[in-house]
Structures are given as C-alpha cells and as structure tokens.
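This report refers to the structure that appears directly beneath it.
This one's a predicted model, so the numbers in the text were calculated from it and none came from an experiment. First the proteins, then the strands, lettered A, B, ... as listed; each starts at 1.
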Protein chains: 2
Amino acid sequence: MNTRFAVAVHILTLLESNAGEPATSEWIAGSVNTNPALIRRQLRELAKAGLTRSQMGPGGGALLARPAERITLVDVYRAVTEDSDIIPIHESPNPNCPVGRTIQACLEQRFQAAEQALENELGRTTIADLLSSISSFECEA
Amino acid sequence: MNTRFAVAVHILTLLESNAGEPATSEWIAGSVNTNPALIRRQLRELAKAGLTRSQMGPGGGALLARPAERITLVDVYRAVTEDSDIIPIHESPNPNCPVGRTIQACLEQRFQAAEQALENELGRTTIADLLSSISSFECEA
DNA sequence: CTAATGTGTAACTAATATAGTCACATAATG
DNA sequence: CATTATGTGACTATATTAGTTACACATTAG
C-alpha cells in the first residue's frame, strides 16, 4: 500500500481544524510537506467519494462535504483504495496442480475476511475523533 | 503489499499436501508458476520464522517444521512482513503545524489497531484448514 | 571418491508503482 | 480584466517487486 491513505486523513483533519474556512492546496501542502498539485489530485479522489468539495477562484479552497463526526477512517480508506485489494494474491498458479488450481479462491475468501476486520476497526474512528486526539496531545505538550 | 504472503501460504499448503515427503523448490515453483530460486528465497524466510525446514542433497527439499494444525495465517503473515507496516504513514509532515506535528503518532495508533484486527482474523485459519478447504473444493468439482 | 541431486545465495535485469514536479487551461472574484 | 486558486496532463526520479542466471556448498548413492 502507499501513503495516500495517511495523507488523505491528514488532509481531512486539517480541513476540520480549519473550522469551515476553505483551505488552499498550497496551505495543505505546507502541512503535509509536499506539492500542491499532489494535494489537488488527492482532493479530487476525496471529492469523488463525497468527502470534500472545492471552490475555485480567490478565497477558494477545499472544505469537508459533511460533518467530521460523520466521516470515519473507513470512508477515507475506501476512497483511496478504490477496489484494489490490500493483500494481493499471486497470478497464474498451475491449473494442473490441485493446490494451484484452487488456492486463489481459498485465499481470496480468507483475505477478504481479514480486510473486513480491518475496515470494521477503521470504522470506529472519525475525523472528529482524530482532531480531538490531536488537540489533547497539543494541550499536554 | 506484495504477493509474498499469498505465495508463502501457497507453499505451506503444498508442503502439507505432500504428506511429509520433502518438496523440491522446483516442484513448488511448478505449482506457484515461478522460478525455483524465488521459492528458495521465500523458504529461507519461512525457515527463519520456524515454519519450515529444508534438507539438502538428493531426496531433499522443504518440510513443515510443525503440524499444519499449529500454523496459522498470522504466523505466515508475520514471517513475510517482518516489521514493516501494511498501512504506511507519510514522512516529514510540517512540525510547525499543530496537525502536522501530531498526525503521525495519532495515525500510528489507529492503524496499529486496524492491523491488529486484521491479524486476529488471520489467526483464525490454519494451513490445515486451508488444505481441507481445497480438498472439499476438489471433491465438488 | 565421485557423480548426481538439491539447497543457499549473490548479482543482475525488467517491469511496475510511487512520489514528486512543471506547465497551463479553466473558473471565480472583485 | 487582473488576480487567485483549482483541475489536469505530461513528465521525471526513485523504490519496489518479480524474475533470472550463475555458482558455491551440502548430501546421498553407487
């Protein structure tokens, strides 16, 4: 897997921390420490998933499309992973071998169950939870 | 992630299906449909994790190091992933931003919980379970 | 001893994925 | 219409991954 999931969560947390003010890709890129164009590409994915929306022009930028309390990590996860499996299975095992012929279907079943468990756990945290974790961390420090 | 986990499970299932007879890397490679040297590299990892052992010379090959009933998918998973995280976090966010400064620690916590859930689910299946799934699949067909 | 069989492993290549960058068209605002 | 900001295509550099070759070393049988 790539770091797009982590970056996407970072972006959404930033948007929530910005209290309804549109955030420019340049400002976000400054916090993530990368390129604005990269951020805009990520925002495109998040917008497609209905998690953010963007306003063009001066004073524009990105906003959460719905309350942070109603965006969980699994929403973000699905937005960035699309349909690709997180645990890939090797291609073209030998069809003349009983194990080779059947292993993919068996693995797919087990791996999907495992990924489902991962998604369930991700569904327990919202962007709002994350921001409050960050806030309390900041207060301690 | 890469397909090494899937291949490793394939290998172990093959070893179990071979009923205690040493399996050569060439035979295993025939079922996985890849190169014997690749299989030997994987077997090295599995041996290091205590899941297999190998005998050199004629009549040699790889064997399970313990009963298939006592090898779960999470054992294999840990053998191939070592300590690398399955959900990576982006490096070097901006330390001058409250969110950037703290996001990594927060993400790590949540991602680890999710990976733990995935591992728990993987722990519910043994290599013996997999082989019997395959066998029953073969009988139906 | 030695020929044959098989593992262990280093070195290399090709293909793919990933992150990053640049340039510019397009849209909105005042 | 000048400015600000997004949307997006094209490109590059780097890392990861899978695959391949070659050969040293271990074991067994004859």
Could you tell me whether the side chain of A/Q104 reaches within less than 4.5 Å of the side chain of B/H10, counting heavy atoms only?
-> no

What is the nucleic acid contact for A/R41, judged by heavy atoms within less than 4.0 Å: base, sugar-phosphate only, or nothing?
-> base

How would you give the extent of chain B contacts on DNA chain C, as first and last nucleotide 5' to 3' within a 4.0 Å heavy-atom cut-off?
-> C/dA4 to C/dA11

In plain terms, say whether B/R124 and B/E121 are close enough for a salt bridge, that is, a side-chain N and a carboxylate O under 4.0 Å apart.
-> yes

Quick one: are B/Y77 and B/I86 in side-chain contact, heavy atoms under 4.5 Å?
-> yes

With a 4.5 Å heavy-atom cut-off, do A/V76 and A/L12 have their side chains touching?
-> yes

With a 4.5 Å limit on heavy-atom distance, are the side chains of B/I28 and B/L43 in contact?
-> yes

Have a look at A/A23 and say if it touches a base, only the backbone sugar-phosphate, or nothing, with a 4.0 Å heavy-atom cut-off.
-> sugar-phosphate

Which word best sums up how the rings of B/F5 and A/F111 line up, parallel for under 30°, tilted for 30 to 60°, or perpendicular for over 60°?
-> parallel

Quick one: on DNA chain D, does A/M56 or B/R40 contact a more 5' nucleotide (nearest heavy atom)?
-> A/M56

Mind checking B/N35 for me? I need base, sugar-phosphate or nothing, with any heavy atom below 4.0 Å counting as a touch.
-> base

Test B/L122 against A/R110 for side-chain contact (heavy atoms from CB on, under 4.5 Å), laying out the working first.
-> CA-CA 7 Å; B/L122 288 178; A/R110 311 292 170 152; 5.6 Å; no

Within the structure shown, what part of the strands sits under 4.0 Å from B/E26 by heavy-atom distance: base, sugar-phosphate, or nothing?
-> nothing

Assign each of A/A37 and B/P58 the nucleotide of DNA chain D bearing its closest heavy atom; nearer the 5' end lies the nucleotide of A/A37

Provide the start and end nucleotides, 5' to 3', of the part of DNA chain D that has atoms under 4.0 Å from heavy atoms of chain B.
-> D/dT17 to D/dT28

Where each residue is assigned the nucleotide of DNA chain C containing its nearest heavy atom, which of B/R44 and A/G57 is assigned the position nearer the 5′ end?
-> B/R44

Scan residues 61-74 of chain B for pairs that pass salt bridge (Lys or Arg N to Asp or Glu O under 4.0 Å), counting only residues two or more places apart or in two chains.
-> B/R66-B/D75

